[in-house]
Protein chains: 2
Amino acid sequence: MFEQLGLIGCGLMGGSFALALKRARLVKRVVGYSKSPSTTARARQLGVIDAEASSALLAVSGADLVLLAVPVAATETTLKTIRHLITPQMLIMDVGSTKRDVVDAARRTLKIQVGQFVPCHPVTGREVSGVDYADADLYTNKQLVITPIDRTQPAKIEKADALWRAIGSNVIQMSPEQHDTAFAAISHLPHMIAFALMNSIAAQPEGNTFLSLAGPGFRDFSRIAAGDPQMWRDVLMANREEMGHQLQHFQDALAALTKEIAEGNTSELERLINRASVARARWSTAAGKPAAG
Amino acid sequence: MFEQLGLIGCGLMGGSFALALKRARLVKRVVGYSKSPSTTARARQLGVIDAEASSALLAVSGADLVLLAVPVAATETTLKTIRHLITPQMLIMDVGSTKRDVVDAARRTLKIQVGQFVPCHPVTGREVSGVDYADADLYTNKQLVITPIDRTQPAKIEKADALWRAIGSNVIQMSPEQHDTAFAAISHLPHMIAFALMNSIAAQPEGNTFLSLAGPGFRDFSRIAAGDPQMWRDVLMANREEMGHQLQHFQDALAALTKEIAEGNTSELERLINRASVARARWSTAAGKPAAG
């Protein structure tokens, strides 16, 4: 049980976390801050937070739990702003979709206090953003990746682990590097591809006619293209290196298909398609009910 | 009301068409043929067809309605086999996902009888194939594209139009060329991309670890990668020209994103992502309940 959650960023992710903690009776009081005062006011109005803070620093003051739920690019500035009020018993977490940039920012800004910062990535989200969509179930049965560094205090990792499990998340641990490589492949690159496909169609004179014919196959394939532009801008920038590697793998696989089509090697083409089809079918079987994100 | 449907290809598409016609009491008798005798037998066993034909020609004999539900690459051979038993009142249709190759095959093989052939593309499907998945509702509330040529008989188009509407399809008409361009953009290229992404991940040593972290975003994006390899092999081959153009548009859009990421133009990157996000959001609003496919 925590006395006070200092919530920095009262959007979909932060707001949902506050609601989940409140429902599970894991926190007595939530003090929230958002860059835009209207968001903070709305969060208060919706009962997502109990009190509005006029700055990130004031949101942290007196808290024993702090959650950063800001665009990853804002992590360093935010940590700089709050570091003076960090107390030894304070557990600090984030919810960023990239982890190497976040732990680097934490190392630079928190210095010896970096041990109290537990980097987290909840594998969940929506194609909508904002506190109005905050949902106490956003993290239920979803994967939660903790990416500790050498200096992260084991006691703080345990605390974070227990907390996320208590609100229904399935907690797994890996290094920030492993995390960023894996998510470049299964999330960041697919988003970049979906953005590119939507833009390539929208840029064509007949684009709207094309889209009027699209069905569920296209609907599902392109769903992630509706993601929050500011968030994805930061994710693509932060993980550009790993994404570059994954993009190369993808281009190679695409070139292999293109080659067989151009050369009319139908049997080889079928073999390549079959490999993809089997891999996808095997995954959905293995995944069962996959975590959101 | 038709006397007899000659069904050539008793798989998911053909079987579902037969079931839909039977349920709507639009046909008295269904005679089916499949390349594999076990499929034909199974279709009979499931009540999808009433009688098994030992050849495509025999399936057509005495029919006033014929549906070709075979891989598009098999269209020409199939039409050659059946043309000798085509009578003037016979309505012949296909369900191929590409149309230019199909109408070319029909022109070559049917000669003057080509007017009785109404090229159709039901915008629907499943990530499973085979008669066991045949479903009387596969075409309900789905788009059905008719792509007539100059020589297609207006009376036969009307008949086909009324038939598909009677089983719940939303019928639209366009030229085979318009069709193949549009579907290259919204269906064929997305499938090719999904195949490539699955292969690029599966080919990496840590591929399975990556996949174990994937959630609904990836699940939806990659769903179409599980499509039937033989069918998609034929579609990608048949429409390779249009797909090549669409692939170029896609590569340009992907390069634009890559450039802004590499140069760190975050505002321009956000603008590009926002364009995609808005286009996708606008589409889903416009699409309402989009047709399957």
Side-chain angles (χ1 to χ4, degrees), chain A residues 123 143 182 185-187 190 192-204 209-211 213-227 229-230 232-233 236-237 240 249-250 252-254 257 261 266 269-270 272-277 279-281 283-284 290-293, chain B residues 123 143 182 185-187 190 192-204 209-211 213-227 229-230 232-233 236-237 240 249-250 252-254 257 261 266 269-270 272-277 279-281 283-284 290-293:
Chain A
V123 188
Q143 293 197 73
I186 54 149
S187 174
M192 186 178 174
I193 289 171
F195 297 142
L197 187 79
M198 279 312 299
N199 283 344
S200 75
I201 294 175
Q204 296 177 61
T209 316
F210 297 168
L211 290 172
L213 295 162
F218 180 85
R219 180 193 62 212
D220 290 355
F221 180 84
S222 64
R223 183 176 66 79
I224 55 177
Q230 196 193 11
W232 282 102
R233 173 202 68 194
L236 299 193
M237 282 306 299
R240 59 186 175 280
H249 285 295
F250 167 71
D252 295 345
L254 195 58
L257 287 163
I261 291 170
T266 53
L269 176 61
E270 183 177 350
L272 291 176
I273 296 173
N274 188 62
R275 182 190 295 169
S277 183
R280 177 54 175 75
W283 174 73
S284 49
Chain B
V123 188
Q143 293 197 75
I186 55 151
S187 174
M192 186 178 174
I193 288 170
F195 297 143
L197 186 79
M198 280 311 300
N199 283 344
S200 76
I201 295 175
Q204 297 177 59
T209 316
F210 297 168
L211 289 172
L213 295 162
F218 180 84
R219 179 194 62 212
D220 290 354
F221 180 83
S222 64
R223 183 176 67 76
I224 55 177
Q230 197 195 10
W232 283 101
R233 173 203 67 194
L236 299 193
M237 283 306 300
R240 59 185 174 282
H249 286 296
F250 168 71
D252 295 344
L254 196 58
L257 287 163
I261 292 170
T266 53
L269 176 61
E270 183 177 350
L272 291 176
I273 296 174
N274 188 62
R275 182 189 295 167
S277 183
R280 177 54 175 76
W283 174 74
S284 49

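Letters A, B, ... are given to chains in the order of the sequence lines, protein chains preceding strands, and every chain is numbered from 1.
Atom NE2 of A:His249 sits about 11.5 Å away from atom CG of B:Leu197, to the nearest 0.5 Å. Atom CZ in B:Phe221 sits 11.5 Å away from atom CZ in A:Arg280 (nearest 0.5 Å). Atom CG of B:Leu236 and atom CD1 of A:Ile273 lie 4.5 Å apart (nearest 0.5 Å).
The most heavy-atom pairs under 4.5 Å with chain A, out of B:Ala185, B:Ala226, B:Ala202, come from B:Ala226. Ranked by heavy-atom pairs under 4.5 Å with chain B, the first of A:Leu269, A:Thr209, A:Asn274, A:Ile261 is A:Ile261. By number of non-hydrogen pairs under 4.5 angstrom with chain A, the leading residue of B:Met192, B:Met198, B:Arg233 is B:Arg233. For the set A:Ala279, A:Ala225, A:Ala194, the entry with the most heavy-atom pairs within less than 4.5 Å of chain B is A:Ala225.
Proximity of A:Arg219 to B:Trp283: side-chain heavy atoms (C-beta onward) are separated by under 4.5 Å at one or more points. Between A:Ile201 and B:Ile186, the closest side-chain pair of non-hydrogen atoms falls below 4.5 Å. Side chains of B:Ile193 and A:Phe250 form a contact here, defined as non-hydrogen atoms less than 4.5 Å apart. Put simply, the side chain of A:Asp220 does not reach to within 4.5 Å of the side chain of B:Ile224, judged on heavy atoms.
Scanning both residues, B:Pro229 and A:Ser277, for their nearest heavy atoms gives CG-CB, 4.0 Å. Nearest heavy atoms, A:Ala196 versus B:Ala253: O-CB, 3.3 Å.
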